[in-house]
Structures are given as C-alpha cells and as structure tokens.
Amino acid sequence: MGDSTDNIPVIDFSAFKLSLDKPDYDSEAFKKLVQSVHHALTTIGFFYIVNADFPPEKLERMWKVSKDFFHLPAEIKNKYPRNPKENHGYVHMEREKLNPDRPHGDLKELFNYHPMTAEDSLWPTETECPNFKSVLSDFWDPCLALHQRVLEVMGHGLQLEDPLLFVKHHVKSYENSGTTLRTLYYPAFKDVTVKEEQARCGEHSDYGGITLLFQERPGLEVRTRKGDFMQAQMVEGGILVNIGDLMQRWTADKYLAVKHRVLLDTTSEESVKPRQSIAFFGHPDYDALIECIDGSNKYAPVNSLDYINMRFGLTY
Ligand SMILES: O=C(O)CCC(=O)C(=O)O
Ligand SMILES: [Fe+2]
C-alpha cells in the first residue's frame with residue numbers, strides 16, 4: 001500500500017445524495033463536492049463516494065443472489081452465455097482477458113445485465129436461481145441515478161458551458177447504450193489451477209464513461225502516476241468511481257482513465273479467499289458523437305457504439 005497521500009480520496013456526496021432531486025448549487029457543500037471530484041479525477045483518477053443514500057439492502061441482496069448464481073453447476077450457468085452483440089449474459093472462467101498481453105484469461109466469472117436485451121430466455125429461471133433477475137434489475141436504478149449525479153458534478157468541475165452535457169448523452173441507458181451492470185466472482189485459490197502470470201483481472205482501464213464499483217473485500221490495485229500499483233483501501237459503505245477511456249477522450253485528457261487490476265496473491269490470506277465485486281459501467285448513448293469538450297480535437301470525434309465495439313473486439 002502506498003503512503004497516506006496516495007490513498008484514494010473519500011468524498012462525501014450528501015450535497016447531491018440520491019434522495020435530493022437537485023443539489024443547492026450555491027451551497028459551500030456542493031462547491032466542495034465539485035472541487036473534490038475534479039481534484040480526484042485530475043490526479044489519482046479514482047475516488048470513493050460515501051453518504052449518497054445508496055440503499056444498502058439492495059447491495060446486500062446483490063451479494064447474495066450473485067453468490068447463489070455463481071455456485072450453480074457450470075452446465076446451468078453456461079445455458080446463458082454472454083451474447084457478443086448485446087453484452088448480456090454469463091462469461092465463464094478464463095474467457096475474458098482484460099490485459100491482452102497476459103498469456104491466459106482472467107480467473108473470474110461474471111454475469112452482465114443489459115436491460116435493452118435482457119429477455120426472459122437469457123436469465124436463469126426462478127427455480128435455478130430465485131430472484132436473480134429481479135434483484136439485478138432492481139439494483140440498476142440507484143446505480144443509474146448515482147452515475148448521472150457524478151456526470152453532472154464532473155460537468156461543473158470542468159466548468160462546461162452546459163454542465164449537463166455528459167448527462168444528456170447518458171439518457172438512453174435502457175434502450176440504446178452500452179451501459180451495463182456486471183456482477184463478478186473470483187473463486188477461492190483452492191478451487192482454481194493458476195497458470196503462469198494469470199491474474200484475477202488483468203491490467204486494464206474501463207472503456208466507456210464512468211464506472212461505479214462495489215467491493216466485498218480488498219484486492220483491487222490501481223496504478224499511480226509513478227507507474228506502480230497500489231492497493232485500493234477498503235472504505236465502509238464506499239462506492240468506488242473511476243472514468244473510462246471514452247470519457248478521457250471526451251475530456252481531452254483532463255480526466256484520466258486509470259489502469260487497475262486484481263491479482264491472486266497467494267501469500268495474502270485475503271487474496272486466497274473468494275471475492276465478489278459489482279461494477280456498473282455507464283456508457284454514452286450509442287448515437288453520441290464524442291468530441292473533445294475543449295474544441296482541441298486532440299482525439300478525432302468518435303461514435304460511442306463504434307468505439308465500444310472496437311474495444312470488445314480486443315477483449316474477447
Ligand atoms: O473486481 C474488481 O474489483 C474490478 C473489476 C473491474 O475492474 C472490471 O470488471 O472492469
Ligand atoms: Fe475495470
């Protein structure tokens with residue numbers, strides 16, 4: 001772990017928590033929130049949200065149904081494979097390789113939920129995994145609302161002419177965007193055969209807009225500006241936020257999409273246990289044209305859908 005100045009900042013979101021329709025834009029608390037988020041995204045690239053009124057019972061239910069699902073026999077889980085076109089469904093162990101330079105796929109399994117395409121036939125049945133579908137669907141709403149609040153705060157931090165610019169391009173999340181809820185499971189060390197240089201989750205930056213990450217136990221490492229990796233400290237009730245590459249492009253590198261990973265460190269007692277995490281990947285609407293906000297054209301304008309398709313092509 002890095003020294004305390006390297007720790008990921010913890011930001012109090014009460015000035016724009018989920019139970020408030022709007023923040024008090026002129027309040028010191030809101031200005032401090034904007035400034036803290038801006039500082040985090042221009043330096044370490046990660047921050048924890050606390051006091052956002054995120055419903056803890058929804059998170060508890062997510063941990064439980066996810067565990068139930070991942071404990072099902074492989075032949076049941078494999079009935080619902082991820083559909084490459086729509087990105088909804090189950091991805092088995094070693095299938096995804098987030099760092100293409102590593103020789104083997106990641107030691108994790110996951111289930112992606114994308115409401116646009118999540119027909120009944122693409123979910124485990126109620127007999128196979130009771131409440132899985134309803135709990136994932138129900139978790140989507142607070143994630144969507146919170147990620148839109150973060151996008152608005154970022155718009156203020158960057159002093160955009162229209163602080164709602166990012167939000168306005170993240171509104172079709174149900175029908176026309178790559179926004180995805182993902183529940184992940186890293187099996188215990190004793191239950192896997194680890195190949196050379198195999199990671200639980202290889203070094204990568206996320207692809208899209210912003211990510212909300214919920215962690216059940218430690219293990220995530222984030223790359224510092226110096227290029228080494230540091231452990232993300234655990235924060236009680238904290239929701240970790242980082243941005244994806246498309247957002248970095250959009251901000252013309254003012255905000256940074258920072259690499260992160262999860263290793264299987266067999267000398268650490270924590271690391272050999274199974275680990276769960278949940279990621280909500282907010283992605284700009286498929287028809288959004290992503291152009292540098294400062295007019296610099298540092299990156300050529302790119303269509304959101306073309307960009308995500310290109311990135312998935314390199315991962316699977
Ligand atoms: O499991 C984690 O903590 C990180 C997962 C992650 O970075 C991802 O799926 O993009
Ligand atoms: Fe990630």
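Order of appearance sets the numbers: ligands from 1, and atoms from 1 within every ligand. Bear in mind the structure is a predicted one, so any value in this text is a computation, not a measurement.
Take the N/O/S atoms of His260: the one nearest the Fe ion (ligand 2) is NE2. Nearest N, O or S atom of Asp206 to the Fe ion (ligand 2): atom OD1.
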Could you go through ligand 1 and list every pair where one of its N or O atoms sits under 3.5 Å from a protein N or O, giving the atom names and the distance to one decimal?
unit_1: ligand 1; atom_1: 1 (O); unit_2: Tyr186; atom_2: OH; d: 2.5
unit_1: ligand 1; atom_1: 1 (O); unit_2: Arg275; atom_2: NH1; d: 3.0
unit_1: ligand 1; atom_1: 1 (O); unit_2: Ser277; atom_2: OG; d: 2.7
unit_1: ligand 1; atom_1: 3 (O); unit_2: Arg275; atom_2: NH1; d: 3.1
unit_1: ligand 1; atom_1: 3 (O); unit_2: Arg275; atom_2: NH2; d: 3.0
unit_1: ligand 1; atom_1: 7 (O); unit_2: His204; atom_2: NE2; d: 3.1
unit_1: ligand 1; atom_1: 7 (O); unit_2: His260; atom_2: NE2; d: 3.0
unit_1: ligand 1; atom_1: 10 (O); unit_2: His204; atom_2: NE2; d: 3.0
unit_1: ligand 1; atom_1: 10 (O); unit_2: Asp206; atom_2: OD1; d: 3.2

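The CD atom of Glu197 sits 13.5 Å away from atom NZ of Lys195, with the distance rounded to the nearest 0.5 Å.
The neighbour count for His39 NE2, taken as heavy atoms of other residues, nucleotides or ligands under 6.0 Å away, does not exceed 12.
Cation-pi contact between Arg261 and Phe229: present, with separation from the ring centre below 6.0 Å and deviation from the ring axis of at most 45°.
Salt-bridge annotation for Lys226 and Asp228: absent, with no side-chain N of the basic residue lying under 4.0 Å from a carboxylate O of the acidic one.
Residues Val65 and Phe132 share a closest heavy-atom pair of O-CD1, 3.6 Å.
Looking at Asn131 and Arg61, their side chains never bring a donor and an acceptor atom within 3.5 Å of each other.
Screening Gln231, Arg217, Arg275 for a side chain to side chain donor-acceptor pair (under 3.5 Å) involving Glu270 leaves a single residue, Arg217.
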